[in-house]
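One structure is given below, encoded as structure tokens.
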Amino acid sequence: MKITTVIGARPQFIKAAMVSKEIAKNNTIDEIIIHTGQHFDENMSSIFFEEMDIPDPHYNLGIQSLSHGAMTGRQLEGIEKILIEEKPDWVLVYGDTNSTLAGALAAAKLHIPVAHVEAGLRSFNRKMPEEVNRILTDHLSDILFAPTKKAVENLRKEGIPEEKIILVGDVMYDAALHFADLADGKSNILAKLNLETKKYILATVHRQENTDDSKKLKNIFSGLASAPMPVVIPLHPRTKKKLQEYNIKLNGQVNLIDPVGYLDMVMLEKNSYKIVTDSGGVQKEAFFYKVPCVTLRVETEWVELVDLGVNVLVGSDQEKIKDMVKMEIASYTKKKMYGEGNTAENILRAIIKIYN
Ligand code: UD1
Ligand code: UDP
């Protein structure tokens with residue numbers, strides 16, 4: 001069997017790492033990796049392939065830094081050419097980026113079955129580019145690998161046939177289990193940044209709705225400046241550009257650093273007092289490492305975290321951010337909500353079963 005994996009953005013490298021490891025264990029399956037090139041800085045792309053031992057991509061389309069339509073369109077064209085040549089039995093796509101949609105659409109039009117990892121997540125906010133990508137990808141896919149019960153429920157409500165939906169858990173939980181101890185041995189980021197365990201806040205900001213609105217971005221950085229301890233921010237290149245464009249000055253103990261590799265990130269997450277983020281992946285990692293999370297959005301796809309009280313939604317409201325960086329938030333539940341850490345195995349088993 002030949003599987004073509006389409007990836008392009010940071011969180012997809014992390015998700016695909018675990019499934020690629022599983023594919024590599026099976027000598028009857030070939031994996032062809034297409035990297036769309038959407039993320040391209042060393043610390044947004046190649047560092048993950050190296051650290052997480054992901055096979056080198058067979059193709060890199062180098063399509064990046066374009067508007068949504070131009071990026072998705074050019075990716076679609078590039079992926080289609082490769083699929084015609086490679087003739088895979090399956091196309092595997094991850095998450096909700098433009099690379100996800102382009103991969104699913106190219107395959108569906110060529111009648112190649114598509115499997116979507118992280119299917120069924122919804123924010124119910126169609127202004128988010130990710131929401132559009134998710135809905136379309138789910139409706140183009142032949143197998144929908146849902147990470148949570150809520151995701152399954154969302155797919156059922158949209159009329160996706162039951163036999164296409166498989167609840168497998170979350171591959172990011174597999175990654176967290178696999179790499180957390182490794183990070184202890186390999187990362188020296190805390191010493192490098194002179195940080196003491198549980199005495200700093202870790203923050204990430206990159207969502208279009210926050211970065212492309214100068215008022216919201218200013219509010220977020222003012223809110224973070226009020227924290228009574230250092231705030232470390234591995235800064236996404238999108239946000240870096242916008243801080244410069246809007247001439248936003250940093251105050252308080254806010255400390256910007258370049259984006260870090262996964263092992264350094266895990267280390268920063270595990271040891272932080274609190275995490276403030278608008279990232280999808282980081283919200284869950286906060287939960288995996290039992291760190292309270294403040295989310296810089298008004299809605300989330302990972303609603304079970306909010307229901308449990310371990311994640312608080314504050315949007316870009318400066319006052320709420322100020323309160324929440326100081327307030328106690330629950331950080332732990334015994335409840336297992338993201339599978340057993342064997343999601344990659346579940347995914348591959350299902351693909352093989354359907355193929356045979
Ligand atoms: C993309 C995804 C988003 C995901 C995020 C993960 C879409 C629509 N958005 O957003 O869902 O949460 O990735 O991080 O697909 N840039 C660099 N170097 C890089 C990567 C990006 O300079 O390595 C710059 C680009 O030139 C561009 C900006 O960052 O100006 C945004 O990049 P883009 O890939 O369009 O979207 P993200 O915000 O990264
Ligand atoms: N991440 C990382 N280095 C960083 C910031 C994030 O390795 O400097 C990891 C993080 O641990 C998580 C993933 O990237 O696994 C989340 O990606 P991102 O926030 O870019 O996208 P999202 O999950 O919001 O789509």
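Numbering starts at 1 and runs along the sequence shown. In listed order, ligands and their atoms are each counted from 1.
- Taking the six-membered ring for Trp, His139 and His116 have ring centres at least 6.0 Å apart.
- Remark: ligand 1 and Ser65 share an N or O pair separated by less than 3.5 Å (distance only, no angle test).
- Neither the backbone nor the side chain of Ser279 has a heavy atom within less than 4.0 Å of ligand 1.
- Protein heavy atom at the shortest distance from atom 7 (O) of ligand 2 is Phe48 CE2, 3.3 Å.
- Among all non-hydrogen protein atoms, the one lying nearest atom 4 (C) of ligand 2 is Arg10 NH1, 3.2 Å.
- Residue nearest to atom 3 (N) of ligand 2, selected from Ile14, Thr204, Val260, Ile233: Val260 (by heavy-atom distance).
- Less than 4.0 angstrom separates some heavy atom of Pro234 from each of these atoms of ligand 2: 8 (O).
- Surrounding NZ of Lys192 are at most 12 heavy atoms belonging to other residues, nucleotides or ligands under 6.0 Å away.
- Residue contacts with ligand 1, taken as heavy atom pairs separated by less than 4.0 Å, involve Met44 solely via side-chain atoms from C-beta onward.
- Every N/O-N/O distance between His68 and ligand 1 stays at or above 3.5 Å.
- Other cluster members for Ile82: Val6, Ile32, Ile34, Tyr59, Leu61, Ile63, Leu66, Met71, Ile79, Leu83, Ile84, Val91, Val93, Leu110, Ile112, Val114, joined by side-chain heavy-atom distances under 4.5 Å among Ile, Leu, Val, Met, Phe, Trp and Tyr.
- Within the 4.0 Å heavy-atom shell around ligand 2 one finds Arg207.
- At under 3.5 Å, not a single nitrogen or oxygen of Asp96, backbone or side chain, sits near a nitrogen or oxygen of ligand 2.
- By the 6.0 Å contact criterion, CD on Glu196 is open, its count of non-hydrogen atoms from other residues, nucleotides or ligands being 12 or less.
- Short contacts between ligand 2 and Pro259, defined as distances under 4.0 Å to a heavy atom of the residue, involve ligand atoms 8 (O).
- Below 3.5 Å of separation, one finds an N or O of Asp41 facing an N or O of ligand 1.
- The shortest N or O to N or O distance between Phe40 and ligand 1 is below 3.5 Å.
- For ligand 2, the polar-atom distance check finds no N/O of His236 at less than 3.5 Å from any of the ligand's N/O atoms.
- Close approach to Met172 involves these atoms of ligand 2, each under 4.0 Å from a residue heavy atom: 12 (C), 15 (O).
- Nearest non-hydrogen protein atom to atom 1 (C) of ligand 1 is Gln38 NE2, 3.7 Å.
- Between Gln208 and ligand 1 there is no heavy-atom distance shorter than 4.0 Å.
- Ligand-side atoms of ligand 2 in range of Tyr262: 7 (O), 15 (O), range being under 4.0 angstrom from any heavy atom.
- Of the protein's non-hydrogen atoms, the one nearest atom 23 (O) of ligand 2 is Gly281 N, 2.8 Å.
- The nearest protein atom to atom 38 (O) of ligand 1, hydrogens excluded, is given as Arg238 NH1, 2.7 Å; this is a heavy-atom distance.
- A side-chain hydrogen bond (donor to acceptor under 3.5 Å, both in side chains) with Arg122 holds for exactly one of Glu301, Glu158, Glu299; it is Glu158.
- Interface atoms of ligand 2 facing Gly280, defined by a heavy-atom separation under 4.0 Å, are 22 (P), 23 (O), 24 (O).
- Against a heavy-atom cut-off of under 4.0 Å, Glu269 is close to the following atoms of ligand 2: 11 (O).
- The shortest distance between side-chain heavy atoms of Ser316 and Glu209 does not fall below 4.5 Å.
- The main-chain N or O of Glu42 is never found under 3.5 Å from a side-chain atom of Ser45 such that the two would form a donor-acceptor pair.
- One option in Asn98, Thr204, Thr211 has a heavy atom closer to atom 8 (C) of ligand 1 than any other, and that option is Asn98.
- For the ligand labelled ligand 1, residue Lys240 lies outside the 4.0 Å heavy-atom shell.
- Each of the following atoms of ligand 2 lies closer than 4.0 Å to a heavy atom of His206: 18 (P), 19 (O), 21 (O), 24 (O).
- Polar contact check, Asp278 against ligand 2: no nitrogen or oxygen pair lies under 3.5 Å apart.
- Closest to atom 24 (C) of ligand 1 among all protein heavy atoms lies Lys241 NZ, 3.7 Å.
- The protein atom (non-hydrogen) at minimum distance from atom 1 (N) of ligand 2 is Met265 CG, 3.6 Å.
- Selection from His206, Met128, Gln64, Gln12 by nearest heavy atom to atom 4 (C) of ligand 1 gives His206.
- Among Glu42, His39, Arg207, Lys242, the residue whose heavy atom lies closest to atom 10 (O) of ligand 1 is His39.
- Annotation: ring pair (Phe, Tyr, Trp, His ring centres under 6.0 Å) contacts of Phe13 (sequence neighbours excluded): His35, Phe49.
- Evaluated by nearest non-hydrogen atom to atom 22 (O) of ligand 1, the leading choice among Ala102, Ala9, Pro237 is Pro237.
- Classified by interplanar angle (parallel below 30°, tilted 30° to 60°, perpendicular above 60°), the ring pair Tyr173/Phe288 is tilted.
- Residue-ligand proximity, Gly261 to ligand 2, at heavy-atom distances under 4.0 Å covers atoms 7 (O).
- Side-chain rings of Tyr200 and Tyr273 stay apart, their centers remaining 6.0 Å or farther from each other.
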